[in-house]
Amino acid sequence: MSSLALGLGLVVLALAGLHAMWALGATWPAADAAELSTMVVGAPGLTQMPPAGMTGLVAAALGVAGWLVLASGGWAPWPLGDVLLRVGLGGLTAVFLGRGLATYLMGGNWAREEKPFDRLERLNYAP
């Protein structure tokens, strides 16, 4: 069993849990929703988090992603067959690779004054 799959799967599941908390109204690690939205969404002028349903969908997608990763290493059951597991992992690879590259290819003008999201994007979210 792959310890890399275990580690990555648990990280993705932790991210799913964090998004689920936000969907339920938590604002950690920020003091309020306005501060949280500037930290995690980064859209200009946005002073509130996206709707709870949308954030809940992200949490669910991350939960499935974590399960896929754990299943690939033998840490979780996968009853849907190897082909769907491989297709799912390929999709995850494309999504996370695209998410990481988008920061740098479409990214920010880091010479100007940074907003909290810009710094967090470059240091934490994209890699």
Side-chain angles (χ1 to χ4, degrees):
M1 293 190 193
S2 167
S3 58
L4 179 60
L6 177 62
L8 289 174
L10 292 177
V11 167
V12 174
L13 288 177
L15 292 172
L18 184 59
H19 281 78
M21 287 175 31
W22 291 339
L24 295 172
T27 60
W28 183 86
D32 57 33
E35 182 183 351
L36 182 62
S37 70
T38 63
M39 290 172 66
V40 300
V41 179
L46 185 66
T47 59
Q48 61 184 14
M49 287 294 287
M54 186 182 301
T55 307
L57 285 175
V58 171
L62 286 169
V64 170
W67 181 27
L68 275 167
V69 173
L70 290 173
S72 74
W75 295 98
W78 183 259
L80 301 177
D82 286 345
V83 171
L84 283 180
L85 180 62
R86 292 184 194 287
V87 168
L89 290 170
L92 284 179
T93 301
V95 167
F96 283 112
L97 183 61
R99 173 65 181 89
L101 289 174
T103 297
Y104 301 104
L105 297 177
M106 302 168 57
N109 175 4
W110 295 314
R112 68 176 194 264
E113 183 177 339
E114 287 186 322
K115 295 178 178 65
F117 176 81
D118 297 329
R119 179 180 52 80
L120 291 167
E121 169 77 0
R122 191 176 65 255
L123 297 175
N124 298 328
Y125 307 152

Hydrophobic cluster membership, Val12 vs Leu97, 4.5 Å side-chain cutoff: no

Pairs flagged by salt bridge (Lys or Arg N to Asp or Glu O under 4.0 Å) wherever residues 11-29 is involved - sequence neighbours left out: none

Please check if Leu24 and Leu18 belong to a single hydrophobic cluster, counting links between Ile, Leu, Val, Met, Phe, Trp and Tyr side chain heavy atoms closer than 4.5 Å. no

When you look at CD of Gln48, are more than 12 heavy atoms from neighbouring residues, nucleotides or ligands closer to it than 6.0 Å? no

Can Trp28 be reached from Val41 by stepping across I, L, V, M, F, W or Y side chains whose heavy atoms are under 4.5 Å apart? yes

Between CD on residue Glu35 and OG1 on residue Thr38, distance to nearest 0.5 Å: 6.0 Å

Considering all heavy atoms, the nearest Val58-His19 contact: CG1-CD2, 3.4 Å

Minimum heavy-atom separation for Leu92 to Ala65, with atom names? CD2-CB, 3.3 Å

Ring pair (Phe, Tyr, Trp, His ring centres under 6.0 Å) pairs, two or more places apart, involving residues 68-95: Trp67-Trp78

List for me each residue that meets side-chain hydrogen bond (donor to acceptor under 3.5 Å, both in side chains) alongside Arg99, sequence neighbours excluded, and say none if there are none. Thr103, Glu121

State, to 0.1 Å, how close Leu89 and Leu68 come at their nearest heavy-atom pair, and which atoms those are. CD2-O, 3.9 Å

Ala33 versus Met49, closest heavy-atom pair with distance: O-CG, 4.2 Å

Of all heavy-atom pairs between Ala5 and Leu70, which one has the smallest distance, and what is that distance? O-CD2, 3.8 Å

Rounded to the nearest 0.5 Å, how far apart are CG of Leu13 and CG of Leu8? 11.0 Å

With distance as the sole test, does Trp22 use its side chain to make a donor-acceptor pair with the main-chain N or O of Gly17 at under 3.5 Å? no

Assigning hydrophobic clusters by single linkage (Ile, Leu, Val, Met, Phe, Trp, Tyr; side-chain heavy-atom cutoff under 4.5 Å), is Leu15 placed with Phe96? yes

Grab the two heavy atoms, one from Ala23 and one from Ala52, that are nearest each other, plus how far apart they are. O-CB, 3.2 Å

